[in-house]
Amino acid sequence: MLLVTVLWAICFPFIVVGLPDAPPLLFAALRALLAGICLVLIALARGGRVRYSPRRFFC
């Protein structure tokens with residue numbers, strides 16, 4: 001819980017620094033992409049399998 005709090009707290013200074021250099025929608029998309037990649041890497045490090053199939057997403 002402490003790690004989540006620290007990561008959340010340092011997110012705001014990074015937003016203040018990065019937002020003047022990029023449009024808000026692009027900046028939000030890049031943050032979401034980075035977060036998704038981090039989550040997939042954590043799942044793989046924990047031994048989880050990444051199972052992607054069109055049936056799983058569309059049914």
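Heads up: numbering here begins at 1 and tracks the sequence. Note: hydrogens, waters and symmetry copies are ignored here, and every other heavy atom, side chains too, is used.
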Exercise. Sequence neighbours excluded, which residues qualify as side-chain contact (heavy atoms from CB on, under 4.5 Å) partners of Ile10?
Worked result: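 Applying side-chain contact (heavy atoms from CB on, under 4.5 Å) to Ile10 gives Leu7, Phe14.
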
Exercise. By side-chain contact (heavy atoms from CB on, under 4.5 Å), which residues pair with Leu41, not counting sequence neighbours?
Worked result: Ile37

Exercise. What's in the same ILVMFWY side-chain cluster as Val16, cut-off under 4.5 Å, chained through other members?
Worked result: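 Taking Ile, Leu, Val, Met, Phe, Trp and Tyr as members, Val16 stands alone, with no cluster partners.
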
For this session: Run through the side-chain heavy atoms of Ile, Leu, Val, Met, Phe, Trp and Tyr, join any pair under 4.5 Å, and report what else lands in Leu26's cluster.
Result: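 Leu30, listed by chain and number.
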
For this session: Before giving the answer on side-chain contact (heavy atoms from CB on, under 4.5 Å), spell out for Ile15 and Phe27 the whole-Å C-alpha distance, their side-chain angles and the decisive distance to 0.1 Å.
Result: CA-CA 9 Å; Ile15 291 172; Phe27 193 65; 4.1 Å; yes

